[in-house]
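For reference, the structure is listed below as structure tokens.
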Amino acid sequence: MSAAEQRERLADLAPDRLEDLESEDEADDHPLPALPNVDAYDEVRMRLAPNPNGPWHLGSARMPAVIGTYKDRYDGWMLCRFDDTDPETKRPDLAAYDAILDAIDYLGFEPDDVVRASDRVAVYYDHARELVELGGAYTCSCPAEEFSELKNAGEPCPHRGKDAETVHEEFEAMVDGEYSAGEMVLRVRTDIEHKNPALRDWVAFRMVDRPHPREEAAHYRCWPMLDFQSGVDDHLTGITHIIRGIDLQDAAKRQRFLYGYFGWEYPEVVHWGHVQVDAYDVAMSTSTIKAKVESGELTGWDDPRAPTVASLRRRGIRGRAIVEAMVELGTSSANVDLSMSVVSANNRELVDDETDRAFLVRADGPGVDGAVELPVTDAPEAGTPPYHPDHDGRGRRTIPVDGAVLLERDDCPPAGERVWLKGLGCVRREGDGLVATDDPIDVVREGGVDVVHWVPTEENVRTRLRTMDGDVTGHAEPGLAAYDPDELVQFERVGFARVDAHEDDETVTYYAHP
RNA sequence: GCUCCGAUAGUGUAGUCCGGCCAAUCAUAUUGCCCUCUCGAGGCAAUGACCGGGGUUCAAAUCCCCGUCGGAGCACCA
């Protein structure tokens, strides 16, 4: 009986068992757990809510990777909403808005809509006014520290009992910019004795003296806090599922007070833990990376040592490889470590088959012992290794010998010993040079002769390979000059690399992984 | 101090809701062997985990309690 027949038969005998079977199958097909309560909604609607205070580090890629994957799975809708309501502490970087949209595209997703919170300030003001009408908020001029003490003691501040008219007037004065930073806030009235101090009468709006970097928003001085802005926007944009970090665990609890006043239903919410990526010395935080870029310690956001999306992209890693790794992390609320080897393995799987091979003899750099120049006698005029060992049909490269070759020092055979120059043939070390022998390939299989890569001393391409450990310089086979920027090659016995640029004196490549 | 949350091999993950098919899945990693004109790919194998202690039960990774460890919030940041 085939699987389909079995299924049909089961449908007759025990339809409820069939349902069980199918829900299990569904789980098997998806690495991510099912979203909660999906059936209660006509459409799954989610949002990415990046703060554009800098280009994305690797951890940020988890957001589009997971949310985008859910969007595809449920045929849902995805908003990219820039939560750029802090012109001071997490000041927006004007270049980051597009950099983030580029990163989303690189990762293979497309938001159905893009909005900026800084364009929607009037909407937040309107909702604040409504909240004041409903008695759900009050203006408060307590210094932050004083309020904090009262709050921790579970005691209301004197402003909590203000009449609606005063609150209304003072909020309008906030909107009109009549206060300076720290002088007045609008608080949501929650429960000042709530057992969780984090939820007591939180700030919804505060004053910021420094103008927003976006011209369109530069005139505002009264800015909403995340809990207010995000809460209002999630409702207004019909978000059904919120997926965000555990640092925002209490945000949902705070926002429920707001939703209570407005009579709104709170969306489903999933919190995941923090991601760390091994393999990096640089801390994965926007501000840390920004500081290192500004000080010149990193050459840019796409420096190979930077734990950023732009860096992996420049190294030739496919967005898909990152997405798959992020999706495999799941949505556990425990903190997780992402192993770069998983990203590398994913990428290798994606690119290996289509990537041409090439020789790079490394001469200088971290972990490199130098290159040695050796005259070659009696050898053929050129070596002809294949473009890809698994695809003969793609043809062979032609690498001239021109009387002398460069080998990496580690590959250089001692006097009297043989080595197989890949694609060329067997040579023996005699004095300061190499002499071709007539040995068949069997000496490699049976005789313990090593196969090594090489380039001609005369005709080669000066190459820089930028790696996470620093730059390696060396010489590549002449054919490397023919690759366009953005193409990948695998330097045999070294690793995969992306061709970045052909400069006057050298070709620059970025190392991806072994 | 108050309030939440979490814990399966080096890493991630499946299984936990609804206890038995779990001497625990898959991937990655490491090691060995085979294959190979790469240290890539491919094939085979090995390594390696249910945080601890109690309880419930015929039966516990799974349910309950206590502990330990880790994380988050208590911002006029997001």
Determine the interatomic distance between C1' on B:rA49 and the same-named atom on B:rU62; round to the nearest Å.
-> 16 Å

Taken to the nearest whole Å, CD/A:Glu492 to P/B:rC39 is 10 Å

Could you give the CG-to-C1' distance, from A:Asn347 to B:rA27, as a whole number of Å?
-> 16 Å

Quote, to the nearest angstrom, the P distance that separates B:rG40 from B:rU28.
-> 14 Å

In whole angstroms, the gap separating C1' of B:rU38 from NE2 of A:His391 amounts to 15 Å

Heavy atom of residues 317-328 of chain A under 4.0 Å from RNA chain B: which residues?
-> A:Glu328

Quick note, A:Trp420 side chain, CB onward, closest among B:rG12, B:rG40, B:rC37 is B:rC37

Rounded distance (Å) that lies between atom C1' of B:rU13 and atom CG of A:Asn346 | 13 Å

Give every donor-acceptor pair under 3.5 Å between a side-chain atom in residues 48-59 of chain A and any protein atom, sequence neighbours left out.
unit_1: A:Asn51; atom_1: OD1; unit_2: A:Asn53; atom_2: N; d: 3.2
unit_1: A:His57; atom_1: ND1; unit_2: A:Gly59; atom_2: N; d: 3.1
unit_1: A:His57; atom_1: ND1; unit_2: A:Ser60; atom_2: N; d: 3.4

For RNA chain B, the dot-bracket notation using Watson-Crick and G-U wobble pairs below 3.5 Å, [ ] for pseudoknot-type crossings and | for other-strand pairs, is (((((((..(((.......[.....)))((((((.......))))))...(((((..]....))))))))))))....

Gap between atoms CZ and C1', on A:Phe359 and B:rC39 respectively (whole Å) = 14 Å

Listed partners of A:Asp378 passing salt bridge (Lys or Arg N to Asp or Glu O under 4.0 Å), at least two apart = none

When the C1' atoms of B:rG42 and B:rG48 are considered, how many whole Å apart are they?
-> 24 Å

Separation between the C1' atoms of B:rA61 and B:rC22, rounded to whole Å = 8 Å

Atom-to-atom span, CZ of A:Phe496 to P of B:rU38 - whole angstrom | 14 Å

Distance, C1' atom - from B:rU13 to B:rA24, rounded to whole angstrom = 13 Å

Partners meeting ring-ring contact (aromatic ring centres under 6.0 Å, His included) with A:Phe171 (sequence neighbours left out) | A:Phe205

Among pairs that include at least one residue of residues 327-338 of chain A, which meet side chain to side chain donor-acceptor pair (under 3.5 Å), considering only residues two or more places apart or in two chains?
-> none

Salt bridge flag under 4.0 Å for residues A:Asp234 and A:Arg81 | yes

Carboxylate-amine/guanidinium proximity below 4.0 Å for A:Asp250 and A:Arg256 = no

Do A:Asp233 and A:Arg120 meet the salt-bridge criterion of a basic N to acidic O distance under 4.0 Å?
-> yes

Could A:Glu492 and A:Arg397 be called an ion pair, given the rule that one side-chain N must be under 4.0 Å from one carboxylate O?
-> yes

Please check if any side-chain donor atom of A:Thr467 sits under 3.5 Å from a side-chain acceptor atom of A:Asp469, or the reverse.
-> no

Rounded to whole angstrom, note down the P distance from B:rU25 over to B:rG15.
-> 14 Å

Polar pairs (N or O, both sides) under 3.5 Å between protein and nucleotides 41-44 of chain B?
unit_1: B:rA41; atom_1: OP1; unit_2: A:Arg348; atom_2: NH1; d: 3.2
unit_1: B:rA41; atom_1: O4'; unit_2: A:Asp352; atom_2: OD2; d: 3.4

Which is true for A:Leu329 with a 4.0 Å heavy-atom rule: it touches a base, it touches only sugar-phosphate, or it touches nothing?
-> sugar-phosphate

Could you work out the separation of B:rC4 and B:rC66 based on their P atoms and round it to a whole Å?
-> 13 Å

Sort and list the pairs that fulfil side chain to side chain donor-acceptor pair (under 3.5 Å) and have at least one residue in residues 174-197 of chain A, not counting sequence neighbours.
-> A:Thr190-A:Asp201

Please measure how far the P atom in B:rC26 lies from the corresponding atom in B:rG73, and state the result in whole Å.
-> 37 Å

For A:Asp93, which residues count as a salt bridge (Lys or Arg N to Asp or Glu O under 4.0 Å) partner, sequence neighbours excluded?
-> none

Could you check whether A:Pro389 gets within reach of a base, just the sugar-phosphate, or nothing at all, counting any heavy atom under 4.0 Å?
-> base

Any side-chain donor paired with an acceptor under 3.5 Å for A:Asp352 and A:His388?
-> no

d(OH, A:Tyr387; P, B:rU38) in whole Å = 18 Å

Qualifying residues under salt bridge (Lys or Arg N to Asp or Glu O under 4.0 Å), relative to A:Arg200, sequence neighbours excluded | none

Considering heavy-atom distances to RNA chain B, does A:Arg200 or A:Ser339 have its closest nucleotide positioned more toward the 5' end?
-> A:Arg200

Hey, are A:Glu417 and A:Arg429 close enough for a salt bridge, meaning a charged N less than 4.0 Å from a carboxylate O?
-> no

Please report, rounded to the nearest Å, how far the P atom of B:rC2 is from the NE2 atom of A:His194.
-> 16 Å

Once base and sugar-phosphate atoms are separated, protein heavy atoms under 4.0 Å mark nucleotides 71-78 of chain B, 5' to 3', with B, S and - as BSBBSBBB

Sequence neighbours left out, what passes side-chain hydrogen bond (donor to acceptor under 3.5 Å, both in side chains) with A:Ser118? Give chain and number order.
-> A:Asp84, A:Arg214

With a 4.0 Å cut-off on heavy atoms, is A:Lys195 in touch with a base, just the backbone sugar-phosphate, or nothing at all?
-> sugar-phosphate

